[in-house]
Structures are given as C-alpha cells and as structure tokens.
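Proteins get letters first, then strands, A, B, ... in listed order; numbering begins at 1 in each.
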Amino acid sequence: MKDQVAELLNQAVSQLKSSGVIPEQHPVRIMVDNTRDKSHGDLASNIALTLAKPCGQPPRAMAEQIIAALPENSLISKVEIAGPGFINVFLAGASSAEIVADILSQGAAFGRNTTGQGEKVQVEFVSANPTGPLHVGHGRGAAVGDSLCRLLAANGWDVTREFYYNDAGAQIKNLTLSVQARAKGMGPDDSGWPADGYRGNYITDVANSYMNGDTIDADDRHVTGVADADNFDAIQQFAVAYLRREQDLDLKAFGVRFDVFFLESSLYDDGKVEATVQRLIEQGFTYESDDALWLKTTEFGDDKDRVMRKRDGGYTYFLPDVAYHKDKFDRGFKRVINEQGADHHSTVTRVRAGLQALQLGIPEGYPDYVLHQMVMVTKGGEEVKISKRAGDYVTLRDLIDEVGSDATRYFLVSRRADSQLTFDIDLARSQSNDNPVYYIQYAHARVHALLRKLEQEGHRYDQQQGIDALSKLELDDERALMTQLRRYPEAVAHAGQSLEPAGIATFLKDLASQFHAYYNNNRMLVDDAELRNGRVALAVAVGQVLANGLDLLGVSAPESM
RNA sequence: GCGCCCGUAGCUCAACCGGAUAGAGCACUCGCCUUCUAAGCGAGUGGUUGCAGGUUCAAGUCCUGCCGGGCGUACCA
C-alpha cells in the first residue's frame, strides 16, 4: 500500500520535473509514513517539505502542485495538505478492507517477504561451553537468536543456525578435574580440590553418572561412562557429553534447535588454527614480545595489541575465533550474525581486526553482532541473584519449569537486546491481562472461541460473504484494526532489517489490545448474516496475524485457554 | 582513566532510522458493570525525553561536552 502511494507520488514528481517546477537533476527520495493521528489520514508524505528549498517555493505551494499532478487512483479517497506542508492520504474504505482478504488467502505466509532473495545467512547463538547448565543469560541469547532466525527466514533468507563450543580448552580441563575430584569423593573444601574447580552440585551428578556407567546421548555426541576415576580422557569425554545433553534438553524444552554444532577443537585438528597463525605472520601483522606472539590489532581500530600465542605456547581464545570466522566465510556465508552477551563485546573488535589482518578480502564489518545486555530476575519484588555459586543459581530450566516456555520466551525477546532486562517471575506467571503473553494468546484463543460459539448458535461461517461485506465495516475500532493488520508486513520487514525481534512483540501487544477493545465494545455474532460474517472474517484475520507473529517469537498460539 | 551499551509519565516499555500535539500498560482518581468464556469495561490525571550547547524548515531520534547506571578493559572464554 505504501509502495503504491509512493509510486503515485513518484509519477507526480516526474511530471513536475518535466514541466520544470522541480530541477531535473535533483535527486528525490519519496518517503511515505504511517500517520500517528488518524485525523491525518492513513499515510503521509513529507515530500513537499524536502522539495521546498531546492525548488525555491514554500512547502505548502509545493504540496499543492504535487497533489495537482497526482494521477487518479481508486485506492485513495482523499488527499489533504496539513501542517507545515505534509501531504496526507486517506485510503478508500475498500482498499483498507482488502488487507483482510489478503490475510485470509495467504494464511501463514502473510507478512513474509523475499528481501533476502534466498541468500545464505548464518546465525551463531547460545554457544555456551559445556561446563554447566544454561543460565538466564543464555536463555536470552537463545530466545533472541532463535527469533532472529525465524525473522530472517520470514524475510527471505536461507538461515543456518549454529552453536559453537569449546570441548578441549583450559575450562574443559578444569571441568574434568572437578568431575574427577567428585568421582573420588572429594568436595570443594577438601585440600585436593582443583584450584579453580567448578563447585556446583551438578558436578556431583556428572561424576555419579560416570561412575554408574551411564550412556549419554547428546545431539552431537554419544558417550558411555567407563567408571574409572583415574581415566582423565574418559572423564572429559563423558562430562562434555553429559553437560551437552543437559543443554540440549534445556534447548528442546525451549523449542530451540540448531543445524550445526561446531567444535573449537576441530579448528586445531584440521590445522586451521595453525594456518591462520601462519597467514597472519606472512601478512606482517605480528611481532614477538615477552616470549609471546602478538597481533597488531591496533592497525584495525583496537586500542591495544593482543596476544595470540601465549608464553606457554598455547593460543588465546581469540585466535581460534578468527580461524572460525574465516571458516564461516569459506563456507560461503557472506552474511554472518553473532548473537552474544554484551559481556563479550570486547571480542568484536578483535575478531574483526584478525579477519582484516588476513588480507583475504573479507568485508570490514564482518561479522555482524547482536549483543544482548544483562538480565535481572525478580521474584516477590526482590532480585534473585544469578551467581554460579550453588544454591541461588537461576538456570534457564528453572525459569521454564516455573513460568513455562512461552512466557519465558516472550519476556526474554520482548525488549530490545541492547537494553538491560528485568524478568519479573510473578508477572510472567500471572494469568491475567497484566501479563502480555497471556493477553496476546488469549486474543488468539478468543477468535477460535468465537468460531466455536458461532457453530453452537447454529450459524455457519461464510468466509466469502464475510469478505464481500468487509467494506461495510466502518466502525472506528474496525478501521483501526485493519490499519494495524496492514502494518504487520512492515513490522516483519523492519524487525528483520534492524535485527530487532522485540518489534514483533510490541506489534502483537498492540494488535491484541485493539482486538480486545473491539470485541468488548461490539457484538460479533449478530443476527444480520452479512455483518456477522464480515466481523468474523476480520476476527479470523486478526487471529491469523497473531499466530504468524507469535510463531516468529517461538511462542505458541493456543486455540483455547 | 579508556572503550561499548543504556537514560522517555511514579513503575515497565513504545515511538515505523529526522516529521505534525512524544504514545501504551500498570499504579492513582472518577464513572459503568452481571455481556459471544474470564473481577471485567470506559474515561481522566500524569512529560523541559538525564543536563548544556550545536546542526536545520523540523531533534526523543544526528554531532560535541558533561552527569548517572550497566558491561568490558587478561598471555580467561
């Protein structure tokens, strides 16, 4: 709709160019916005304001000429000049109602677009190391990352979901030592306990399972415990598999899946880490100092150079990170988005600098990042501490068990990633209209309740008659709903482009709110069959859009509650 | 100290990448209510968009400097 109006304006501008009102060479960017105030019509353009100066005319005079040059079109019922020179467009009732027919015919496909043109994009998210259960921060990463994937797919991208983890580094060694200590019956306070060992109770569970000879089936590995407390390698294999399986179960409970699990260790096994070091040395961006090998990241915007190879000969984490992202590029991903906690934001400059130093033609801004800020959890008005110390550790599983997957998802994704988030457990649990998840799901369920009620009352829903009657729906509530429905594809496009799934949550809350208001103020199941079918058709369209939007958030759309 | 993110109603958040009189929900105040499933519905009060400058027809939005909060600032990831 916006595009069509923009095209009409474009034609008017062309005509004014050929008649000399607008300088032929002047570049014109047509912008059509939704209006905030309905007295300003449905759509508005600032075109006259931007053209006033280059054309040497007052904005309102400019607007008059544009309107005069505007081709006739049945979409539009009225055009006005307002304020300093805005051109306000009022859509004809019929064209506004058209959206409902579109929704009903397109169903689940409504709102999707082909912007991505089927190009590959890889989204890396969660990427938790298998050293413990997923916590709320990972949950935010999972909710945002998964929704991002759904959103990109809805915008026509071919999405690959990837989970990267380290199964062999210093932290894994630490994990293995901790499990081994537990397997030998030690506790964190015993003298033989490893220096920075993991103290959580879950370590004991891992050790017991290992000593029981359990078989572990994680998504990407399968291991049986050999029950030998002295076999370090076996314990490591088992512990990693055990914790990976726990994470898989958490992610399944959350409805999040991955296409690829990528091991940091594979980068060493395949020689990719070594090849990356060699390449960096060859390109002349390294130097030795203090028995370590440094990369001149300062040449690419970092505020200090970084160590790649430590004095002890091992590599710092960021080198495999560079090798990993080179590998992504080599796999054909021209676009890569990393969803991570903001506590890792210092890696952004480093990884990008390393990729530039390779001099392989990888674009400067590669990869993209979506960084989410910290999550604070509250219950009973009090902050629940997220600490790794055993006892008061808020795991993702705890949250899902307590408030359900839908509410957890919604709350974690409904705020922009770059602002801090307060997760109110009491609110997420509550089954009232204060709870936005409940409120939106209930709007969807209400549509289906309506259809059931309709049958109970002995009516039959005649969709075609409903569609034909749509132009007769002229109540303010009805027009407002149609306007909101028309904006859904824009919301999908905008959220996809800005990588902000939170926009969908906001949209849905507004739509649900308008639908509830409409439902409360007006009777749907009236005797007049034409009007009844028209209203039900509108309601069904609302239900469809609610379902489509909820799906983008990974939240279910129940038909009854 | 330096870098990144954030600062909008008492609270939780919007505001379609520069547009018109900054919008919702909760809370508060006042009405209505026994209704297709919901103790619900409607209306109202509430703002110098952290502060100070700048850019322009137009700034919550862009630039500069402060103030406040968060996260980083490892030869940890």
Side-chain angles (χ1 to χ4, degrees), chain A residues 2 31-37 39-40 44-46 49-50 52-53 58-59 82-86 88 127-129 131 165-166 169-171 174 196 264 289-294 301-304 306-318 320-321 340-349 369 371-374 376 414-422 424 427 431-436 438-439 442 445-446 449-454 456-457 487 490-491 493-495 497-498 502-503 505-507 509-510 513 516-517 519-526 532 535-536 539 560-561:
Chain A
K2 258 186 191 176
M31 286 182 57
V32 177
D33 284 335
N34 294 315
T35 52
R36 282 189 202 175
D37 188 333
S39 71
H40 296 149
S45 179
N46 62 353
L49 290 160
T50 61
K53 189 175 265 188
F86 290 101
N88 290 338
S127 291
N129 282 339
T131 55
Y165 71 95
N166 179 358
Q171 292 307 316
N174 191 9
D196 294 312
E264 182 182 330
S289 173
D290 296 333
D291 297 324
L293 184 65
W294 296 70
D302 204 354
D303 50 1
K304 56 189 274 197
R306 306 291 169 174
V307 170
M308 324 186 331
R309 191 171 59 220
K310 297 184 277 186
R311 199 176 299 151
D312 67 10
Y315 294 115
T316 54
Y317 72 91
F318 109 90
D321 261 10
Q340 300 179 351
D343 53 338
H344 288 168
H345 82 251
S346 60
T347 67
V348 175
T349 314
Y369 283 85
L371 303 177
H372 64 260
Q373 298 290 328
M374 302 295 100
M376 180 175 84
S414 63
R415 301 280 131 84
R416 289 178 43 157
D418 57 15
S419 59
Q420 285 151 249
L421 171 70
T422 303
D424 182 341
L427 179 59
Q431 303 230 327
S432 75
N433 291 350
D434 300 346
N435 182 346
Y438 177 89
Y439 189 69
Y442 178 47
R446 205 165 215 185
L450 193 61
L451 291 170
R452 290 191 293 271
K453 182 74 182 176
L454 181 128
Q456 279 169 26
E457 292 190 358
R487 291 178 185 176
E490 296 166 17
H494 184 255
Q497 197 201 348
S498 57
T506 305
F507 175 90
K509 211 172 69 175
D510 289 345
S513 157
H516 285 308
Y519 184 94
N520 290 326
N521 289 335
N522 302 281
R523 191 162 180 87
M524 309 273 114
L525 302 182
V526 292
R532 182 178 68 238
R535 288 186 169 170
V536 172
S560 64
M561 290 175 72

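- At the heavy-atom level, Arg446(A) lies under 4.0 Å from the strands shown only through sugar-phosphate atoms.
- Across the protein-nucleic acid pair, Leu371(A) atom CG and rG72(B) atom P stand 13 Å apart, rounded to whole Å.
- Taking only side-chain atoms of Tyr442(A), from C-beta outward, the nucleotide of rA38(B), rC13(B), rG70(B) with the closest atom is rA38(B).
- Pairing partner, rU12(B): rA24(B), with both Watson-Crick or wobble hydrogen-bond distances short of 3.5 Å.
- Remark: Tyr519(A) is not in phosphate contact with rC36(B), judged by side-chain N or O atoms under 4.0 Å from OP1 or OP2.
- Pairing partner, rC2(B): rG72(B), with both Watson-Crick or wobble hydrogen-bond distances short of 3.5 Å.
- Searching all strands for a Watson-Crick or G-U wobble partner of rG65(B) with both distances below 3.5 Å returns rC51(B).
- We find that CZ of Phe507(A) is positioned 15 Å from C1' of rA15(B), with the value rounded to whole Å.
- Here rU29(B) sits opposite rA43(B) as a Watson-Crick or G-U wobble pair (both hydrogen-bonding atom distances under 3.5 Å).
- One atom, CG of Asn433(A), and another, P of rA27(B), lie 11 Å apart when rounded to the nearest Å.
- Side-chain nitrogen and oxygen atoms of Lys2(A) include none within less than 4.0 Å of the OP1 or OP2 phosphate oxygen of rC16(B).
- Ala44(A) comes within contact range of at least one nucleobase, with a heavy-atom separation under 4.0 Å.
- rA77(B) makes up no base pair with any nucleotide shown, lacking Watson-Crick or G-U wobble contacts both under 3.5 Å.
- Using modelled atom types, no side-chain atom of Asp33(A) and backbone atom of Ala44(A) make a donor-acceptor pair closer than 3.5 Å.
- In this structure, His345(A) has its ring center no closer than 6.0 Å to that of Tyr369(A).
- Within 4.0 Å of Asp37(A), counting heavy atoms only, lies no atom of the nucleic acid at all.
- Not a single donor-acceptor pair, N or O on each side, falls under 3.5 Å between the base of rG72(B) and the side chain of His344(A).
- Residue contacts for Lys509(A): at a heavy-atom cut-off of 4.0 Å it reaches no nucleic acid atom on any strand shown.
- Across all strands shown, rA59(B) forms no Watson-Crick or G-U wobble pair with both distances under 3.5 Å.
- The residue Thr50(A) sits close to a base: some heavy atom pair falls under 4.0 Å.
- One P atom belongs to rC66(B), the other to rU12(B), and the distance between them is 28 Å to the nearest Å.
- Among the atoms of the strands shown, base atoms are found under 4.0 Å from some heavy atom of Arg36(A).
- Listed nucleotides: rC75(B), rC17(B), rU12(B). Nearest to the side chain of Trp294(A): rC75(B).
- When heavy atoms are screened at a 4.0 angstrom cut-off, Asn88(A) is found touching base atoms of the nucleic acid.
- Across all strands shown, Ala491(A) has no heavy atoms under 4.0 Å from either base or sugar-phosphate atoms.
- Scanning atom types as modelled, one donor and one acceptor separated by under 3.5 angstrom connect the side chain of Asn34(A) and the base of rC16(B).
- At a threshold of 4.0 angstrom between heavy atoms, the contacts of Gln420(A) include nucleobase atoms, whether or not backbone atoms are also involved.
- Residue Arg532(A) is out of contact with every strand shown, counting any heavy-atom pair closer than 4.0 Å.
- Of the residues in residues 310-318 of chain A, Lys310(A), Arg311(A), Thr316(A), Tyr317(A) come within less than 4.0 Å of RNA chain B through at least one heavy atom, sorted by number.
- The residue Met561(A) sits close to a base: some heavy atom pair falls under 4.0 Å.
- Here the separation of rU49(B) from rG23(B), taken at their P atoms, is 13 Å to the nearest Å.
- Among the protein residues, Asn435(A) comes within range of no part of the nucleic acid, since none of its heavy atoms lies under 4.0 Å from any strand.
- If you check every strand for non-hydrogen atoms under 4.0 Å, Ala170(A) touches nothing.
- Taking side-chain N and O atoms only, Asn522(A) has no distance below 4.0 Å to OP1 or OP2 of rU35(B).
- For His345(A), counting side-chain heavy atoms from C-beta on, the closest listed nucleotide (rC71(B), rA20(B), rU37(B)) is rC71(B).
- In this structure, the nucleotide among rC41(B), rG72(B), rA14(B) sitting nearest to the side chain of Ser346(A) is rG72(B).
- Judged by atom type and distance alone, Asn46(A) reaches the base of rG19(B) through a side-chain donor-acceptor pair under 3.5 Å.
- Atom P of rA52(B) sits at a distance of 16 Å from the matching atom of rU8(B), rounded to the whole Å.
- One can place CZ of Phe86(A) at 12 Å from C1' of rU21(B), the figure rounded to the nearest angstrom.
- Residue contacts shown for Asn129(A) are limited to sugar-phosphate atoms, with no base heavy atom under 4.0 Å away.
- Under the Watson-Crick or G-U wobble criterion, with both distances below 3.5 Å, rC17(B) is left unpaired in every strand shown.
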